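Written out below as structure tokens is the structure these notes cover.
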Amino acid sequence: MEYGEERVVALVDMDCFYVQVEQRLNPALRNTPCVVAQYKTWKGGGIIAVSYEARDHGVTRNMWVDDAKNLCQDLQVARVRELHGKADLTHYREASVEVIEVMSRFAVIERASIDEAYMDLTAAVQQRLKDMSVNRIDPSLLKTTYIQGYPQSSSELEPHTEDLRSRGLHQWLASLTPSSLGEQSSAGLQLTVGAFIVEEMRAAVEEQTGFRCSAGISHNKVLAKLACGLNKPNRQTILPLASVTELFNSLPIGKIRNLGGKLGSSITETLGVENMGDLTRFSQAQLELHFGDKTGRWLYDLCRGIEFEAVKPRQLPKSIGCSKNFPGKTSLATKEEVQFWLHQLALELEERLTKDRDVNGRVAKSLTVGVRQLGDKRPSSFSRCCALVRYEATKISSDSFAIIKSLNTAGNQQAAWTPPLTLLHISASKFSDAPSSGGITGFLSTETSLSQSRFSTSQLSNKSSLDAKSVSPCKQQHGTIQSFFQKATERPTIQKDGEEEVSVGGKASPAPKSASESHSGAERRSSDVSESPRRHIKSFFQKRSTERSSSMKNSLNIVEKNNSEDCVPVVSPSRTQCENPDNEQATDVELNPNPPSGASEDLLTCDRCSQEVLAWEMPEHNDYHFAMDLQKSFSSSSSSSAATTSCNISSSSSPPPLRGGVTGSAQSSRVKTKIRGQSGPAAKKLRSQGGSASTLDSFFKKN
DNA sequence: CATTTTCTCGAT
DNA sequence: TATCGAGAA
């Protein structure tokens, strides 16, 4: 095994995934120039996915629908669902789970994004080679596979046809060194077997979900990703190490994963080179000098096609969050607006977190809140985190507000919010295993649930690969498939616990104010704030995904020996959704989320100060008392620590001066690290003097 | 103003 | 550790 060829790594990428999801739902969209867009008011909405037919017309992602229509008259537009006044991607996340479940039957996968997964096929390939003891591979097993660099010596002018693909494949197969028994197989043979597995996996994904994808098969993640893009859509590409030199000779540096941004540009500028292959002319020391030890070493290997980043066994996201922009005139300029929209985000977050807990048996412990302020060029002006102790929208939104309220320079008793906010973001992370769900929920038998799982059939039919036994025992309970009925009628209303305060659950929507005047008419939507909790009643059957199932040893020996016909996974009977027009599908009906208001009926009396407080603001109010108490208890101690923590609040408004260029000094263009390096810390220190916030405020700013 | 909404990771 | 920024889809 040669250096850099130790592994077989694949990347599978769904072709224009959101479009396929909508096309499966609505057959009229199939085989048409089609896009998925979110929102509608502003220039017809923003495009986030484009069918290949539409791409032929020049339509691209991030284009406005109105503009795209000028490129393609008969463009079909599917809309992202809107809930809580914001775009809601649940639909696509669920489709993603379908795909990942199928792929996970073939290999341990790393979820790279909603529509992409990496997999390390090394062990699977070796297993196949052992079982098959076959050293000649039938080209008919690789019907959608391209070999990058093959056929060798074909004229560049030759049209790209199936015939060309086939000639390349045959030439490649003929060049492979057959491995004798007990002998180490060649890297090329291993890639080929890997491609065979990926052919099977992609066929299974299409059969069971209806979705098509492309794939790249190579020796590392970067090459696999690159290869995947070489023959899209609905095709896969092997990228042998020996083909890298030629490919890299005319491959712009920015095409490589992680080099598409500032680092890539700085490489081009600093070294005066354009293509990936040009980097081979620089010593490792040179590259380390310019870009840092780690990046330099990475580049030195990578331009030779060598890279070692591991495929991480992880199917579940490590954070669950939601955000919404309020650009331009729609920026949030009153406290009520800020609270309202935080609550809308919190409603979605609660729903997703609750489902995640029930399905995946884990709970998030940390809540991060981020905002962007009008005029700030950075994607995030500010972010802070706090403990996440309860999955409850009112608690989440009031805590979120407490975290950011000191950003309001108008002061907390003012109606105004200054400077206006152009982005709100809340995100939950730091997951741990959920406490055992012993209570009244989750009592249905495993068998019952399992039999209803849409995965059960194929799962069980597929050898022994990943049945329950191979799953880590401690997580067994969570690993089972269960259905449950979400508590809807009886939400806990008032609870106490430890240092937690009164929190009010369930309905918490402030009564509708006059109307949407608050956010100046840009993207106004239907209001679901008044929607009854009954909406949640729908039960669902879903696999309680086992993260362990990925850490468990491979599941590769799915097929073997008779490499001819078998290996077709059992067809899932349950895919009839194409017919049924999802009522949640986007219509162009526009309703409005209710703007904030003060509701008179939701008042509680604080037992500390007898003040009337909005119920959903009670947690925050209690925080106030808590903070006051805390302040008293610290009143004698020096205020220095408070001052230090309070200061960086204002940092967002004064970005440090950008100095130093990509030229000049020794470590000239260490892009991210150094440019800010000298001025950054100094500036930060300066800013930290200015904090004149009260001690109470400082409590909220930092913890 | 107005490419959104999500993600992951590394540096500090 | 918490926060920020880069990068990607």
Side-chain angles (χ1 to χ4, degrees), chain A residues 13-14 16-18 36-39 41-50 60-68 80 82 86-90 92-93 96 110-116 118 225 229 254 256-266 292 294-295 298 309 312 314 316-331 345 348-349 352 366 368-370 372 374-386 403 420 422-430 520 522-523 645 648-649 651-652 655-656 670-677 680-681 684 701-703:
Chain A
D13 185 323
M14 307 309 294
C16 52
F17 186 47
Y18 292 5
V36 175
Q38 49 193 1
Y39 304 126
T41 307
W42 186 265
K43 301 188 175 191
I47 292 171
I48 58 174
V50 186
T60 69
R61 196 164 177 273
N62 290 338
M63 203 172 254
W64 300 114
V65 168
D66 287 351
D67 296 336
V80 174
E82 285 179 38
K86 65 179 289 298
D88 178 79
L89 305 179
T90 301
Y92 313 112
R93 290 193 189 94
S96 175
E110 173 184 344
R111 179 198 197 271
S113 76
I114 196 168
D115 73 337
E116 280 187 337
Y118 288 96
K225 172 70 180 165
I256 294 286
R257 185 185 70 148
N258 274 322
L259 296 182
K262 296 181 179 182
L263 176 57
S265 310
S266 86
K294 192 168 180 225
T295 303
W298 180 74
E309 187 185 309
K312 295 157 194 71
R314 180 179 55 76
L316 302 179
K318 301 169 89 166
S319 67
I320 295 178
C322 41
S323 62
K324 179 165 175 61
N325 282 351
F326 303 92
K329 277 175 58 168
T330 69
S331 62
L345 293 175
E348 178 184 325
L349 189 59
R352 286 167 58 193
S366 175
T368 302
V369 185
R372 181 163 54 151
L374 191 60
D376 197 330
K377 202 169 163 94
R378 299 168 302 166
S380 170
S381 302
F382 170 91
S383 88
R384 289 288 183 276
C385 68
C386 66
I403 286 183
T422 59
L423 167 72
L424 292 180
H425 173 81
I426 61 178
S427 173
S429 58
K430 292 185 170 46
S520 53
E523 304 284 0
T645 54
N648 36 9
I649 285 289
S651 69
S652 49
R670 310 273 284 256
V671 178
K672 58 194 314 182
T673 51
K674 284 322 144 198
I675 291 183
R676 285 194 155 209
K684 197 180 281 183
K701 285 167 184 168
K702 195 92 181 200
N703 30 6

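Proteins come first, then strands; the chains are lettered A, B, ... in the order of their sequence lines, and each starts at number 1. What you see is a predicted model; the values in this text were computed from it and never measured.
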For [X] and [N], is the shortest distance between a side-chain N/O and OP1 or OP2 below 4.0 Å?
{"X": "A:Lys324", "N": "B:dT6", "value": "no"}
{"X": "A:Asn325", "N": "B:dT3", "value": "no"}
{"X": "A:Lys430", "N": "C:dT1", "value": "no"}
{"X": "A:Arg352", "N": "B:dC7", "value": "yes"}
{"X": "A:Tyr39", "N": "B:dT5", "value": "yes"}
{"X": "A:Ser383", "N": "C:dT3", "value": "no"}

Report the nucleotide, chosen from [options], that has the shortest atom-to-atom distance to any side-chain atom of [X].
{"X": "A:Lys318", "options": "B:dT8, C:dG7, B:dT6", "result": "B:dT8"}
{"X": "A:Cys322", "options": "B:dT6, C:dC4, B:dT4", "result": "B:dT6"}
{"X": "A:Glu116", "options": "B:dT5, C:dA9, B:dT8", "result": "C:dA9"}
{"X": "A:Arg384", "options": "B:dT4, B:dC7, C:dT3", "result": "C:dT3"}
{"X": "A:Gln38", "options": "B:dC1, B:dT4, C:dT3", "result": "B:dT4"}
{"X": "A:Arg314", "options": "B:dT8, B:dT6, B:dT3", "result": "B:dT8"}
{"X": "A:Arg257", "options": "C:dA8, C:dC4, B:dT8", "result": "C:dA8"}
{"X": "A:Cys385", "options": "B:dC7, B:dC9, C:dT3", "result": "C:dT3"}

Any salt bridge linking A:Lys324 with A:Glu348? Criterion: basic side-chain nitrogen under 4.0 Å from a carboxylate oxygen.
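Result for this pair is no, no salt bridge flagged.
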
Do A:Arg111 and A:Glu116 sit within salt-bridge range, that is, some charged N less than 4.0 Å from a carboxylate O?
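So A:Arg111 does not pair with A:Glu116 through a salt bridge.
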
Indicate, with a heavy-atom threshold strictly under 4.0 Å, whether [X] touches base, sugar-phosphate, or nothing.
{"X": "A:Ser427", "answer": "nothing"}
{"X": "A:Leu424", "answer": "nothing"}
{"X": "A:Leu259", "answer": "sugar-phosphate"}
{"X": "A:Gly321", "answer": "sugar-phosphate"}
{"X": "A:Arg61", "answer": "base"}

Rounded to the Å, how far apart are [X] [atom1] and [N] [atom2]?
{"X": "A:Lys377", "N": "B:dC1", "atom1": "NZ", "atom2": "P", "result": "9 Å"}
{"X": "A:Asn62", "N": "C:dA9", "atom1": "CG", "atom2": "C1'", "result": "10 Å"}
{"X": "A:Arg372", "N": "B:dT3", "atom1": "CZ", "atom2": "P", "result": "10 Å"}
{"X": "A:Leu263", "N": "C:dG5", "atom1": "CG", "atom2": "C1'", "result": "13 Å"}
{"X": "A:Leu423", "N": "B:dC7", "atom1": "CG", "atom2": "C1'", "result": "14 Å"}
{"X": "A:Lys262", "N": "C:dC4", "atom1": "NZ", "atom2": "C1'", "result": "12 Å"}
{"X": "A:Phe382", "N": "C:dG5", "atom1": "CZ", "atom2": "C1'", "result": "16 Å"}
{"X": "A:Trp42", "N": "B:dT4", "atom1": "CH2", "atom2": "P", "result": "11 Å"}

Heavy-atom nearest pair, A:Met63 first then A:Asp67, reads CG-CB, 4.2 Å

If you measure from CG on A:Asn325 to OH on A:Tyr39, what distance do you get to the nearest 0.5 Å?
8.0 Å

Would you give the length of the straight line joining atom NZ of A:Lys43 to atom CG of A:Asp66, rounded to the nearest 0.5 angstrom?
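So the NZ of A:Lys43 and the CG of A:Asp66 are separated by 8.5 Å.
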
Results of side chain to side chain donor-acceptor pair (under 3.5 Å) for A:Ser429 - residues two or more places apart only
none

Report the residue (A:Leu89 or A:Ala112) whose heavy-atom-nearest nucleotide on DNA chain B is the more 5′ of the two.
A:Leu89

A:Trp64 vs A:Arg93, nearer the 5' end of DNA chain B by closest nucleotide
A:Trp64

How far does the P atom of B:dC9 sit from the matching atom of C:dT1, given to the nearest Å?
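Roughly 16 Å separates the two P atoms.
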
Whole-Å P distance, C:dA9 and B:dA2
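Straight-line distance between the two P atoms is 23 Å.
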
Partners passing side chain to side chain contact (heavy atoms under 4.5 Å, CB included) against A:Lys318 (at least two apart in sequence or in another chain)
A:Arg314

